[in-house]
Every structure is written in structure tokens, then in C-alpha cells.
Amino acid sequence: MADQPLTLAEATEKAKELRTQLNHYSHEYYVEDKPTVEDYVYDRLYKELLDIETNYPDLITADSPTQRVGGKILQGFEKVTHDIQMFSLNDGFSKEDIFDFDERVQKLAGKQVGYCCELKIDGLAISLKYENGKFVQGATRGDGTLGENITENLKTVKSIPLELKKPISVEVRGECYMPKQSFVNLNKEREEAGQDVFANPRNAAAGSLRQLDTRMVAKRNLNTFLYTVADFGPMTAQTQFDALNELSEIGLRTNPEKKLCATIEDVWAYIEEYHEKRTDLPYEIDGIVIKVNDFTIQDELGFTVKAPRWAIAISFRQKKLKR
Ligand SMILES: NC(=O)c1cc2c(N)ncc(C(N)=O)c2s1
């Protein structure tokens, strides 16, 4: 005999249980890249939730996984003012530039300092605001002060949690990017459809996030790595390396290739290592970001008009690293 339809009370309880389970599986798959169930298990639970929401539309919540597929046609993107400026980085292009940076830092800090080294993801810089753990606003960098509100589009990016693991209010920054394979697949589709192809994954990611039809964005398989805490809220990290771990603990996706380097020689070894490895990565990088690890020293060094004195980016734009 066909299952008896659920009462509203049963449907409410079951929908809550399914949302929790599906969001957990989604976190494992999209944020941790370590799924513990097969796709068909996820799909079966998803269909069960979709059926309940179809019968009881009032049970649809903002953090339901069914809301990730988009469905809004936006009229445009409102402007967003970044209360905390999204700064740019000074660029270095050679080993000499990196060693000169270290010399300046040591002189200003009055001692040798440790560095947190991270891959420079070739995507689009974004800022994410969470209030009491709920995702409330996503914005582009824009000119660093004025960006565009792309919240609805970022809600379709599966690795951006709609709710953090802790009910805290924070603002974090990172990169939204298109994985290399997704870029190849998208351009193949576009070529077969007689459409212009994207020049590179960065343009493809930027073009995708500019779509006014959120259903289109949902199909582009965009991803993220978060790497900066703008508003710490109750977060307690005192160093960049710990902040990255704390971002991961609250449910945000961070890049696993980070390294704590005690000397600039170790930093240079990391740069050479990833200059070699970059073609094997499933996403494009355009360099390495080197930051003074200790936040107290970062605060002491401060900023020039346009960029922090405590960080530098080395570009991989040219094929050979200038040693
Ligand atoms: N413009 C910037 O400040 C940054 C840009 C980027 C980028 N594209 N990828 C990674 C990082 C990072 N791990 O800090 C930064 S920082």
C-alpha cells in the first residue's frame, strides 16, 4: 500500500531531520572533499525532502539544500560598502623581491618573524557576512570599498555554508573560483552551442557570478577558499595560520596547502615547490601569498595607502621563477 501522506507535524519533523542530514553530507562533499555516502544516498534523501516541500511549501527554509539550485532572476546587483576595506597586495616577481620584503619586515618588527604561506587562488575575491551563524550577505571586492551584492548567486555555491557550525557573527574573505575541469567542460558546452568560450577559469568564474539568473550560476560548479577574517566576532585566533584552522572549524572551506615558515629561505622553498606543483592542482593559482603570521606584528607593521606592509604576493605570471 502507498505510504500514508505525512501529517504537517510529521512532515515538519522529517523535513528538519532531512535538512540536517543533507547539509551534513553536503559539507563533507563540498567543503571537506571527503564524502562518506554515495551520491545515490544523498539523492534519495534530497528527493524525500523535495517531496515534503512540494506538499508543504511553508516548510521550505532558507538553509534547505533545495534552495541551492537558484530560481531567482535578479534585476541587477546592488552596491555594497565594505566597512572593512578589502585591501590589495604588494607584488614581488623575484627571489630578490621576497628577500627584500623579509629585510623590511625584520627591520620594522625589530626581530625575525614567522610567515604563513598560502596559494594565491586565481578567481574572484568575495566577502561573506554571517549573522548568528546565518549567511546574510555575499559581495564582490569591487574597488575594495564598494562592491556588488551577489548574495543570491553565492547561495548556489555548494561550498559556501548557508549556516556556520557556530551561531556567530563574522565577516570573512576569500576567493570564488572555477575548477580547471569545470572550465574545460563549460567551454566544450559553449563551443558546441556556438557561444563564445571563456579565456580562462578566472573569467569564467567572474562571468558566472555576474549572471542575473541564479539557476545559471548553480550549474557552473563554482567553489571557494576562504583565507581572511575581516570581522572576527568571537573568533580567537592570534595568527594567520590559526585563523585558517578556525575558519575550517566553523564550517568554511580553506586551502590545505598552507605552510608556516620560520625563515624566508623556507618561504622561498615553498614558492619553488608550488611553482612546480601548480600544473597538478585542480584549480589555477597565479602565485603565492606570504603573510607575517603573528597578528600583533601585523598590527605593528600596518598598511601603506594601498596595501599591508606585512604581506607580499609573488606572481607566477611569467613562466620561469626569477631566482
Ligand atoms: N588581494 C589579496 O589580498 C589576496 C588575494 C588572494 C588570493 N587570490 N588567493 C589567496 C589569498 C590568500 N590566501 O591570502 C589572497 S589574499
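When a ligand or atom number is given, it counts from 1 through the structure's own listing order.
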Worksheet item: If hydrogens are left out, which of E118, E175, R141 has an atom nearest to atom 13 (N) of ligand 1, that is, the closest non-hydrogen atom?
Response: E118
Quick test of your reading of the model: are [X] and [Y] salt-bridged, counting only N-O distances below 4.0 Å?
X: K291; Y: E118; answer: yes
X: E152; Y: K72; answer: yes
X: E192; Y: K188; answer: yes
X: K16; Y: E13; answer: no

Where is the nearest protein heavy atom to [atom]: which residue, which atom, and how far?
atom: atom 14 (O) of ligand 1; value: K291 NZ, 2.7 Å
atom: atom 16 (S) of ligand 1; value: Y227 CE1, 3.5 Å
atom: atom 9 (N) of ligand 1; value: I121 N, 2.9 Å

Response to the item:
Paired with L18, the side chain to side chain contact (heavy atoms under 4.5 Å, CB included) test is passed by just one of L49, L50, N23, T66, namely L49
Discussion item. Under 3.5 Å between any N/O of V289 and any N/O of ligand 1: does that happen in this structure?
Written reply: no
Worksheet item: How does M86 reach ligand 1, if at all, at less than 4.0 Å between non-hydrogen atoms: by side chain, backbone, both, or neither?
Response: neither
Worksheet item: What part of F87, side chain from CB on, backbone N/CA/C/O, both or neither, has a heavy atom under 4.0 Å from ligand 1?
Response: both
Worksheet entry | Shortest non-hydrogen contact from S88 toward P308 | O-CD, 3.2 Å
Item to complete: List the atom of F316, the atom of I288, and the distance in Å for their closest heavy-atom pair.
Response: CZ-CG1, 3.5 Å
Worksheet item: What atoms of ligand 1 come closer than 4.0 angstrom to any heavy atom of L119?
Response: 9 (N), 10 (C), 13 (N)
Practice prompt. Would you mind running through ligand 1 and noting each atom that sits below 4.0 Å from a heavy atom of L89?
Written response: 1 (N), 2 (C), 3 (O), 4 (C), 16 (S)
